[in-house]
Amino acid sequence: MIRIKHRDKAIEVPASTPRRPMSPKRRQAIFTEHATAHNVAPCCNCGEPVHRHSDRWIIEHRRALALLGPDVNTNCGPAHFKCAEIKTHTQDLPRIRKAKRQQARHEGTKKPARGFQTPAGVSFDWKARRYMRSEA
């Protein structure tokens, strides 16, 4: 937990879950928990079978640790290397970026973005439907 001072009171914000080392024994235990046949388990992303010895596979966290997912075996599953890469880049990273933006805005460390501002001496002409330089 991280202590943050917000509006004259201290609040605690959960930090991302620390990652435990993925030992070969833990990796094999997770694969065995999900195995449907001898040395075959479904990919936790696409559902296609992952063959323990012939496919390139990794242990994927279903809910990312940076999104406060727990680092327990029930949150992990075997996944094809390509499937895990795709999930990380298309789902996890955008969600992590959004969560960090929301946290920064909540903490007041990032000012809200301003909308489009017209430069000085320019106004919108409704008849012409475009911006025109004002004549002085």
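With a 6.0 Å radius and a threshold of 12 heavy atoms from other residues, nucleotides or ligands, R133 has its CZ atom at or below the threshold.
Between the CD1 atom in I96 and the CZ atom in R101 there is a gap of 12.0 Å [rounded to 0.5 Å]. Separating the CH2 atom in W57 from the NE2 atom in H51 is a distance of 13.0 Å, to the nearest 0.5 Å. T90 OG1 to R95 CZ: the interatomic distance, rounded to the nearest 0.5 Å, is 9.0 Å. Expressed to the nearest 0.5 Å, how far SG of C44 lies from NE2 of H80 amounts to 10.0 Å.
Looking at residues two or more places apart in sequence or on another chain, you find no side chain to side chain donor-acceptor pair (under 3.5 Å) involving D55. Partners of E85 according to the salt bridge (charged side-chain N to carboxylate O under 4.0 Å, His left out) rule, which considers only residues two or more places apart in sequence or in another chain, are K82. Q102 pairs by the side chain to side chain donor-acceptor pair (under 3.5 Å) definition with nothing, not counting sequence neighbours. Residues satisfying the side chain to side chain donor-acceptor pair (under 3.5 Å) criterion with H34, sequence neighbours excluded, are R62. Considering only residues two or more places apart in sequence or on other chains, D92 meets the side chain to side chain donor-acceptor pair (under 3.5 Å) condition with K87.
When side chains are defined from C-beta on, R26 counts as touching N73, because their heavy atoms get closer than 4.5 Å.
Cluster partners of F81 are I58, counting Ile, Leu, Val, Met, Phe, Trp and Tyr whose side-chain heavy atoms approach within less than 4.5 Å, directly or via other members.
Of all heavy-atom pairs between P70 and H61, the closest is O-CD2, 4.2 Å. P49 and V40 get closest at one heavy-atom pair: CB-CG1, 3.7 Å. The two residues Q28 and T32 make their nearest non-hydrogen contact at O-OG1, 2.7 Å. Nearest heavy atoms, A79 versus V50: C-CG2, 4.5 Å. Annotation for P42 and G47: closest pair CB-O, 4.0 Å, computed over non-hydrogen atoms. Closest heavy-atom contact between L67 and A99: CD2-CB, 4.2 Å.
At a threshold of 4.5 Å between side-chain heavy atoms, the hydrophobic network of Ile, Leu, Val, Met, Phe, Trp and Tyr places V122 and W126 in one connected group. The same ILVMFWY cluster, assembled from side-chain heavy atoms under 4.5 Å apart, contains both F31 and M22.
Listed for the N75 side chain is a donor-acceptor partner under 3.5 Å among the backbone atoms of R63. The backbone N or O of R20 lies less than 3.5 Å from a partner atom in the side chain of D71, making a donor-acceptor pair.
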Quick one, I30 with E60, criterion side-chain contact (heavy atoms from CB on, under 4.5 Å). Give me CA distance, side-chain angles, the key distance, then yes/no. CA-CA 10 Å; I30 293 169; E60 173 75 14; over 6 Å; no
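Taking the six-membered ring where the residue is Trp, Y131 and F124 present perpendicular rings, their angle passing 60° and hence far from 30°.
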